[in-house]
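To start, the structure itself, in structure tokens.
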Amino acid sequence: MSEILTDSTEGPRAPLNTLLHRICVSSAAVGGLVIFGAAFFVTFSIIKSLLGFGAMRGEFELVELACATSASLFLPLCQLTKGHVLVDVFTGWLPVRVNQTMDAIWTLLFAIGWAFVCWQLFHGLWEVHGYGDRTMLLRVPVWWAYVPAVFGAGLSAFVAVVQSLSVLMPRLARKVGA
Amino acid sequence: MDPFVFSIVLIVGLFVLIFMRMPIALAMALAGVVGYIQLSSFASLKFYLSTAWVDKFMSYDFAVIPLFILMGHLATRSGISASIFNAARAWIGHMRGGLAMAAVAGCALFGSISGSSLATASTMTRVAMPEMRKHGFSGALSAGSLAAGGTLGILIPPSIVLIIFALLTEQNIVKLFLAATVPGILAVVGFMIAISIYVRLFPEEGPTSERSNFAERIRAIGEIWHVLVIFGVVLGGIYGGLFTPAQGASVGVVLTLVLGSLKGGLTLRSVLDSLIDTAGTSAMIFAIVFGADLFNVALALSRMPLDVAQYFAASDIAPMLILLAIVVFYLVMGCLMDSLSMILLTVPVFFPTVMALDFGLLPEQQAMWFGIIALVVVEMGLITPPVGMNLFVISAMARDIPMKQIFRGTVPFILAEFCRIAILVSFPALSYWLVDLVMN
Amino acid sequence: AEVTLRLHHFLPPVAPMHSRFFEVWAAELAEASEGAIEVQIFPAMQLGGRPPQLADQVRNGICDIAWTLPVYTPDRFPVAETMSNPFMVTNAEKTSVALHTLMDEFGADDYRGMKPLAFHTHDGGKLHTRDAPVLSAADLQGLKLRAPNQATGDMLAGFGAEVVFFPVTEMVSGLSSGVIDGCCLPYEVVPAFKLQELTSFTSEPAEGARGLYANTFSLLMNEAKYEGMSDDLRGVIDAASGIDLSRRIGAQFDGFEAYGRGVVEKQGNTIETIPAEEIAIWVEAASPVHEAWIGKLNDKGLDGAAIMARANDLLDAG
Ligand code: NA
Ligand code: NA
């Protein structure tokens with residue numbers, strides 16, 4: 001996982017890949033900063049409370065929002081770097097080409113899955129927005145938490161499409177520069 | 001189709017997909033979608049998906065996971081593993097096979113601030129492997145002790161797998177952390193014994209090295225005071241009830257950042273890298289949790305877990321036999337799958353089944369006992385061939401050691417693990433008496 | 001069975017509500033319909049999602065019946081939420097009947113797309129504390145208390161208490177470590193969290209006075225599912241729901257309350273009574289909270305003052 005910043009895909013990278021890589025890493029970094037920020041906020045709140053000034057209001061809610069946000073923003077990078085766990089003992093004997101094709105088909109399924117989730121989350125966003133639901137103390141609109149989720153699922157879907165098509169339809173892939 | 005039969009078909013299909021190298025998160029989600037549509041409806045699936053991702057992870061409990069992962073990655077990048085290994089080596093390095101023992105002890109210490117097995121195995125391998133090889137340790141023993149030591153990362157709290165188990169079964173995370181302490185110490189002791197027997201059988205594989213004097217030992221402890229501070233504040237605060245687990249993990253992140261930059265080699269660049277590492281590890285976990293959730297809802301809709309639990313509760317089969325069958329199942333599956341997926345996949349069926357059996361324990365004790373046994377058995381999967389994540393990590397970092405030798409090196413530790421599992425199954429109290437002692 | 005109804009709720013199967021109400025009620029429906037209706041109970045959010053979503057799950061047919069709390073989704077069910085203001089509850093049975101009547105008269109718009117089967121509350125909350133009983137507003141000064149809902153929290157904060165909103169599980173560790181001094185909950189939840197071991201004092205309002213607060217609950221059914229059933233089976237559902245069911249659940253909660261109080265007594269904890277005169281002062285002090293609530297109802301296009309007055313009439317008459 002440490003090779004992420006210095007991408008290891010062979011050959012010179014096409015512009016679309018470079019761009020996707022940058023976007024996914026940035027998204028992950030922002031998600032990481034959100035979790036980082038939550039850790040600092042909570043620590044500050046604890047110190048404040050230990051000194052007798054009372055905890056920060058809405059600490060729990062903030063941590064919850066941070067968790068949902070970072071989970072969503074982390075996703076695309078995991079898709080891009082093929083970070084999802086799989087079992088390969090039973091297919092190891094097959095030719096590399098067969099394995100690659102199988103992976104590409106699963107990745108295409110992943111793309112369809114994320115795209116569907118993204119579309120549904122968008123509906124969810126709209127619905128929650130319509131209700132005007134807000135968190136109890138901070139009064140943060142709940143639909144805010146759906147924005148990174150729609151983004152994360154959508155970007156993951158796009159990454160997966162590019163990845164699988166570049167294997168399944170190399171000629172087409174070359175045309176779009178993937 | 002009868003829902004029960006359907007659920008069995010679903011599970012078989014799921015395993016077929018997984019063994020055809022479909023990513024586990026996707027396979028579980030797909031099986032879940034099929035089950036959901038069959039047992040409920042497409043319309044309700046759409047509604048479920050319109051909120052499930054946000055709803056699942058907008059959670060105070062789940063926040064513990066990325067926080068502990070970030071803390072572990074910061075610790076890894078800060079380079080404190082070197083001073084940890086040096087301290088362990090100063091104290092026990094002179095014994096026969098001492099460096100291997102120091103590697104295990106170092107893993108235990110690192111595991112006490114990191115919740116991940118892979119992180120523990122890889123960071124300790126980076127510092128301990130070259131030293132062991134330099135002192136004439138065999139590739140087998142070096143790799144075996146580090147692979148086994150790495151499992152302490154999830155056994156000794158904090159532990160991501162244990163957090164997931166607690167969330168799945170609605171158990172108290174703090175109590176489960178405490179419950180894992182005695183089995184964790186047992187593991188360290190077992191690994192030490194395994195090493196000492198091994199080096200008596202094959203003396204040339206694990207030579208002795210120079211003894212440190214007392215002043216050096218004290219100095220070496222002085223070099224890891226910050227690790228002890230982090231461990232003491234975070235876990236002490238959680239056990240003492242001063243922090244919730246999420247608060248403890250947050251304080252751990254800040255402490256590791258501060259002490260890691262003061263004492264170790266944390267730079268702005270390595271902090272950024274830690275954030276990216278955290279993203280990769282967390283997203284993998286979140287995706288599996290999300291897929292498993294969908295699959296588990298489909299299972300719940302089929303009522304299969306309930307039927308199975310009721311069947312075994314009413315049957316004449318001895319409860320211990322059922323538990324042993326589950327242990328064997330985990331051991332076999334552990335050869336093929338990773339620990340987290342296994343827990344997510346099996347606990348919804350196994351947990352109600354075990355809880356419905358009568359072992360003469362209080363429900364909470366029984367839950368902790370089963371949780372610890374499940375943890376230990378799936379953790380063993382990390383070092384059993386052919387699929388052992390720790391073995392892969394070490395193999396990737398020590399290219400000169402053939403995989404065959406690595407497998408051979410794990411044998412003594414797997415034997416030690418079998419003994420420990422037997423002990424934990426035979427004496428349930430080992431998994432809960434500390435909790436009773438501290439919390440009640 | 002001709003009709004299978006999936007009932008979803010958030011409590012673990014060991015909770016009395018699950019074993020002594022849902023399972024019993026499901027068996028009654030099966031019997032009354034001669035096996036035509038099967039109620040499958042899914043406890044502990046087994047069908048996914050989190051408790052605040054239960055109402056939406058019923059509306060969207062993820063489950064057919066759900067048991068939920070309006071306060072989980074603040075402002076979504078304003079009329080039903082009215083009874084969860086401080087100093088409304090008398091006891092669980094009477095308050096549940098009053099709530100059901102109030103919903104019949106004013107709450108038709110709250111639950112579009114759903115068929116409410118029952119509305120109820122638990123008995124009034126008590127103050128459970130570690131170090132000293134609470135007998136007057138002065139005792140609340142500086143006390144770190146876990147509040148059960150926003151309105152009650154506002155009231156306690158008005159007396160100078162330092163209010164926190166921990167989830168219940170965090171509350172348990174907070175109490176054992178002394179991060180908080182106490183909490184405001186009915187006796188009914190005491191056994192589940194072993195509160196009797198974590199606190200030493202309980203203060204309850206004097207007999208006859210209104211309770212500190214009570215949360216409201218609703219048992220909801222998917223409307224399309226209900227409409228899609230045969231006349232006979234709808235009749236079975238009708239007979240097993242409505243104001244009588246609300247009364248019955250309320251009465252059961254009074255029973256849970258008495259049991260929980262027994263657990264506290266058995267532990268040897270001190271149970272003190274907050275005098276009626278003192279409660280009168282608290283009620284007076286809580287009037288801004290009630291005014292704010294009326295304003296909120298008005299904002300929703302409802303007649304806040306009328307709803308509040310009617311609720312009080314029903315409670316006083318009950
Ligand atoms: Na650990
Ligand atoms: Na394995």
Side-chain angles (χ1 to χ4, degrees), chain A residues 1-2 4-5 25 27-29 31-33 35-36 38-43 45-46 59-60 63-68 70-79 81 83-91 99 102-103 106 109-110 113 116-117 120-124 127-128 142 145-146 149 153, chain B residues 18-26 29-30 33 46-54 56-60 62-63 65-67 70-71 242-243 246-247 249-255 257 271-284 286-288 335-338 340-341 386-387:
Chain A
M1 252 154 263
S2 48
I4 289 164
L5 284 179
V25 169
S27 166
L33 283 173
I35 275 295
F36 216 30
F40 273 93
F41 182 85
V42 170
T43 307
S45 169
I46 292 171
E59 181 193 318
F60 285 82
V63 169
E64 290 188 334
L65 289 166
C67 184
S70 64
S72 306
L73 293 179
F74 287 164
L75 265 185
L77 185 65
C78 187
Q79 196 68 48
T81 55
H84 294 295
V85 194
L86 52 85
V87 174
D88 56 5
V89 261
F90 294 94
T91 45
N99 276 320
M102 228 180 326
D103 282 350
W106 298 153
L109 258 181
F110 239 138
F116 188 63
V117 169
Q120 290 312 315
L121 278 171
F122 186 71
H123 279 289
E127 181 139 319
V128 170
V142 174
Y146 281 74
Chain B
I18 286 177
F19 293 155
M20 286 171 68
R21 60 186 286 140
M22 181 185 276
I24 294 177
L26 177 64
L30 189 63
V33 163
K46 285 202 315 194
F47 173 73
Y48 175 88
L49 288 178
S50 74
T51 57
W53 177 271
V54 175
K56 187 79 194 168
F57 299 122
M58 208 168 108
S59 148
Y60 189 73
F62 265 101
I65 292 173
L67 284 168
L70 176 55
M71 174 180 159
L242 194 59
F243 308 142
Q247 288 173 327
S250 299
V251 171
V253 167
V254 175
L255 265 183
L257 177 78
V271 172
L272 259 177
D273 285 345
S274 309
L275 295 183
I276 302 293
D277 291 346
T278 304
T281 318
S282 311
M284 183 262 282
F286 283 126
I288 292 189
C335 293
L336 309 171
M337 282 179 73
D338 78 292
L340 188 66
S341 320
V387 179

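A note on names: the letters A, B, ... follow the listed sequences, proteins ahead of strands, and every chain is numbered from 1. As the structure is a computational prediction, the values presented were derived from the model and not from experiment.
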Answer with side chain, backbone, both or neither: which region of [X] has an atom nearer than 4.5 Å to a non-hydrogen atom of chain B?
X: A:Leu73; answer: neither
X: A:Glu127; answer: side chain
X: A:Phe41; answer: neither
X: A:Ile46; answer: side chain

Minimum heavy-atom distance [X]-[Y], with the two atoms named:
X: B:Leu26; Y: A:Leu109; result: CD2-CB, 4.0 Å
X: A:His84; Y: B:Ala287; result: CE1-CB, 3.4 Å
X: A:Ala149; Y: B:Val54; result: CB-CG2, 3.6 Å
X: B:Ala279; Y: A:Phe74; result: CB-CD2, 3.2 Å

Problem set entry | Set of side chain to side chain donor-acceptor pair (under 3.5 Å) partners for B:Ser59, sequence neighbours left out | none

Please tell me if the side chains of [X] and [Y] come closer than 4.5 Å, counting only heavy atoms from C-beta onward.
X: B:Val33; Y: A:Phe116; value: no
X: A:His123; Y: B:Lys46; value: no
X: A:Phe36; Y: B:Thr278; value: no

In terms of heavy-atom pairs under 4.5 Å, which option from [options] contacts chain B the most?
options: A:Gly124, A:Ala68, A:Ala28; value: A:Ala68
options: A:Leu65, A:Leu33, A:Asn99, A:Val89; value: A:Asn99
options: A:Val63, A:Leu75, A:Val85; value: A:Val85
options: A:Gly32, A:Ser72, A:Ala39; value: A:Ala39

Which bit of [X] comes within less than 4.5 Å of chain A, counting heavy atoms only: side chain, backbone, both or neither?
X: B:Val271; value: side chain
X: B:Met71; value: neither
X: B:Leu255; value: neither
X: B:Phe243; value: side chain
X: B:Ile24; value: both
X: B:Leu340; value: neither

For this session: Go through B:Leu257, B:Leu67, B:Leu49 and name the one with the most non-hydrogen pairs under 4.5 angstrom from chain A.
Result: B:Leu49

Seminar exercise, completed: Max heavy-atom pairs within cutoff under 4.5 Å with chain A, candidates B:Tyr60, B:Phe57, B:Tyr48, goes to B:Tyr60

Exercise. Under the side-chain contact (heavy atoms from CB on, under 4.5 Å) test, which residues partner A:Leu86, sequence neighbours left out?
Worked result: A:Asp88, B:Arg21, B:Pro23

Rounded to the nearest 0.5 Å, what separates atom [atom1] in [X] from atom [atom2] in [Y]?
X: A:Ser70; Y: B:Phe286; atom1: OG; atom2: CZ; result: 5.5 Å
X: B:Phe47; Y: A:Gln120; atom1: CZ; atom2: CD; result: 10.5 Å
X: B:Ile65; Y: A:Ile35; atom1: CD1; atom2: CD1; result: 10.5 Å
X: B:Thr51; Y: A:Tyr146; atom1: OG1; atom2: OH; result: 5.0 Å
X: A:Asp103; Y: B:Met20; atom1: CG; atom2: CE; result: 11.0 Å
X: A:Phe110; Y: B:Leu30; atom1: CZ; atom2: CG; result: 10.5 Å

For this session: Answer yes or no: are there more than 12 heavy-atom neighbours, outside B:Phe19 itself, under 6.0 Å from its atom CZ?
Result: yes

Exercise. Is a side-chain donor or acceptor of B:Trp53 paired with a backbone partner of A:Ala71 at a separation under 3.5 angstrom?
Worked result: no

